[in-house]
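Beneath this line is the structure, given in structure tokens, with notes to follow.
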Amino acid sequence: MKRINEPAGDTGFPVYQCRLPVSRRTNEHCTDLLSRHLKEIGSRWRALPPGRIVLAVLRHDQRIADMVGGNAVGDTTVCRWRDELISLLAARAPRLDRACKKIARRSGEVVLIDGTLIPTVRRTGAANRPNYSGKHRRHGLHYLVLTDENGRLIWISAALPGRTHDVTAARRDHIPTHLRAVGLGALADLGFLSLTDDSDAPVIVTGYKATRARKLTPGEKEANRVLAAARAPVGHGFAHLKTWRILTELRTDPACGTELLRALLVLSNFALSR
């Protein structure tokens with residue numbers, strides 16, 4: 001009997017193509033950032049990093065192993081490109097004080113504030129419980145976001161444990177102080193009801209809350225409807241940010257969550273800019 005050592009057929013894996021819903025301008029911007037970074041650190045041996053690979057990881061939540069097999073690069077290389085691009089973009093994210101001053105210079109009067117939970121995989125050990133949100137009934141990281149009146153993202157907070165309340169996060173970042181310093185107000189939901197620091201001239205404007213002992217009057221109900229309509233664009237800002245499917249469920253270290261969200265904020269605003 002003759003022994004054949006060659007494989008019976010082709011053992012290579014098929015490679016498919018998919019459309020990446022980002023503009024050519026965004027792709028070129030990311031590639032330029034990585035290329036300039038290689039020149040600054042004096043790297044001569046590393047390959048030119050294409051921005052589309054990192055954008056596919058962020059936009060479609062493509063697995064690193066899939067990108068490695070389809071683009072003939074190593075997994076370490078893709079991870080390095082991803083981490084470097086996230087760091088470069090996050091460094092361009094606006095600080096809270098500068099974001100508020102920018103809105104004030106554009107003759108803005110109010111900003112919209114809200115909190116959101118970015119789901120994460122369940123962690124083990126002592127870090128499990130703090131990231132569990134009883135409101136959403138899942139594990140995640142809590143973020144505060146400020147948008148302008150049109151829903152354009154202007155600032156995002158650092159990542160906090162998922163059980164953090166909106167008021168606690170706002171007080172941690174001293175948001176009322178920053179808004180008052182530039183003469184801005186903020187429209188918020190009932191989650192920020194106890195945040196105001198001055199009952200006579202509140203910076204944070206919230207609606208009226210009904211209790212078992214006191215029902216809302218028709219005027220208070222109408223005020224709540226007007227406030228909800230004015231706050232609607234903040235939901236659009238969240239929706240635009242969460243089109244990056246890597247936020248569907250974070251599998252990275254929560255310590256990197258702040259850089260990731262701020263990098264996506266910069267990318268989202270760059271895509272909207274002319």
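Computed from a predicted model, the values in this text were never measured in an experiment.
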Non-neighbouring partners of [X] that pass side chain to side chain donor-acceptor pair (under 3.5 Å), sequence neighbours left out:
{"X": "R106", "answer": "none"}
{"X": "D83", "answer": "none"}
{"X": "R225", "answer": "E222"}

Minimum heavy-atom distance between [X] and [Y], given as atom pair plus value:
{"X": "L179", "Y": "C100", "result": "CD2-SG, 3.8 Å"}
{"X": "L241", "Y": "L265", "result": "CD1-N, 4.0 Å"}
{"X": "I113", "Y": "A186", "result": "CG2-CB, 4.1 Å"}

Hey, what do you get for [atom1] ([X]) to [atom2] ([Y]), rounding to the nearest 0.5 Å?
{"X": "R98", "Y": "K101", "atom1": "CZ", "atom2": "NZ", "answer": "8.5 Å"}
{"X": "T31", "Y": "R52", "atom1": "OG1", "atom2": "CZ", "answer": "9.0 Å"}
{"X": "I154", "Y": "I103", "atom1": "CD1", "atom2": "CD1", "answer": "4.0 Å"}
{"X": "I64", "Y": "C79", "atom1": "CD1", "atom2": "SG", "answer": "4.5 Å"}
{"X": "L247", "Y": "L261", "atom1": "CG", "atom2": "CG", "answer": "5.5 Å"}
{"X": "R82", "Y": "I53", "atom1": "CZ", "atom2": "CD1", "answer": "13.0 Å"}

Test of understanding: with side-chain contact (heavy atoms from CB on, under 4.5 Å), list the residues that count as partners of L55, not counting sequence neighbours.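 Partners of L55 under the side-chain contact (heavy atoms from CB on, under 4.5 Å) test: L20, V22, T26, N27, C30, W244, L267.
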pair [X]-[Y]: side-chain heavy atoms closer than 4.5 Å:
{"X": "E84", "Y": "H37", "answer": "yes"}
{"X": "L96", "Y": "I175", "answer": "yes"}
{"X": "L89", "Y": "R262", "answer": "no"}

Does the [X] side chain pair with the main chain of [Y], one donor and one acceptor, at a distance under 3.5 Å?
{"X": "R137", "Y": "S133", "value": "no"}
{"X": "R63", "Y": "D61", "value": "yes"}
{"X": "N131", "Y": "P161", "value": "no"}

Under the side-chain hydrogen bond (donor to acceptor under 3.5 Å, both in side chains) rule, what pairs show up with a residue in residues 142-170, not counting sequence neighbours?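 Listed by first then second residue: H142-D166.
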Should the ring pair H139 and Y132 be called parallel, tilted or perpendicular, given that the plane angle runs from 0 to 90° and is split at 30 and 60?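 Taking Y132 first and then H139, their aromatic rings stand perpendicular (interplane angle over 60°).
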May I ask you to decide whether K215 forms a salt bridge with E220, counting only side-chain N to carboxylate O separations under 4.0 Å?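 No, no charged N to carboxylate O under 4.0 Å.
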Would you say [Y] ends up clustered with [X] if hydrophobic residues are merged whenever their side chains have heavy atoms under 4.5 Å apart, either directly or through other cluster members?
{"X": "L117", "Y": "L141", "answer": "no"}
{"X": "L160", "Y": "L144", "answer": "no"}
{"X": "L88", "Y": "V266", "answer": "yes"}
{"X": "V205", "Y": "Y208", "answer": "no"}

All N/O donor-acceptor pairs, side-chain side in residues 229-238, below 3.5 Å, sequence neighbours left out:
{"from": "R231", "atom 1": "NH2", "to": "D114", "atom 2": "OD2", "distance (Å)": "3.2"}

Assess, by modelled atom type and distance only, whether the side chains of T248 and K242 contain a donor and an acceptor separated by less than 3.5 Å.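 No, K242 and T248 have no side-chain donor paired with an acceptor closer than 3.5 Å.
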